[in-house]
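Every value quoted in this text rests on a predicted model; they were computed, and no experiment measured them.
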Amino acid sequence: MQQKKLLQQLSKGQEVRCEHCHGKVTLALGEPGYASARCEKGCTDVLLQLS
């Protein structure tokens with residue numbers, strides 16, 4: 001799944017599943033100015049810089 005599409009779906013509150021393990025992908029705030037979208041197993045792991 002493309003990162004842009006993944007982020008659009010998560011921002012709309014839609015449930016997104018990892019293409020590899022089919023686990024739920026969640027969006028979490030990390031360090032100040034950053035967030036991550038990842039599945040439970042870590043197959044999908046996208047680090048986002050918030051501006």
Side-chain angles (χ1 to χ4, degrees):
M1 179 179 298
Q2 293 179 332
Q3 292 178 1
K4 184 175 181 180
K5 184 178 176 182
L6 171 88
L7 298 174
Q8 287 174 341
Q9 290 177 327
L10 287 172
S11 68
K12 292 178 183 177
Q14 297 176 343
E15 184 174 290
V16 179
R17 296 281 174 174
C18 174
E19 290 182 338
H20 303 285
C21 71
H22 303 289
K24 187 175 179 181
V25 176
T26 57
L27 188 62
L29 295 176
E31 302 174 30
Y34 290 92
S36 64
R38 64 185 319 248
C39 71
E40 297 166 355
K41 292 185 178 182
C43 320
T44 298
D45 192 0
V46 181
L47 182 62
L48 311 166
Q49 183 176 5
L50 308 173
S51 53

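- Once rounded to the nearest 0.5 Å, the distance linking CD of E40 with NE2 of H22 reads 13.0 Å.
- The minimum heavy-atom distance between C39 and G23, with the atom names listed, is CB-O, 4.3 Å.
- Annotation for S36 and D45: closest pair CB-OD1, 4.4 Å, computed over non-hydrogen atoms.
- Every residue two or more places apart in sequence or in another chain that forms a side-chain contact (heavy atoms from CB on, under 4.5 Å) with E15 is listed here: R17, K24.
- Rounding to the nearest 0.5 Å gives a distance of 10.5 Å between CD of Q14 and CG of L6.
- The CD atom of Q3 lies 9.5 Å from the OG1 atom of T44; values are rounded to the nearest 0.5 Å.
- In this structure L48 satisfies the side-chain contact (heavy atoms from CB on, under 4.5 Å) test together with L7, L27, A35, V46, sequence neighbours excluded.
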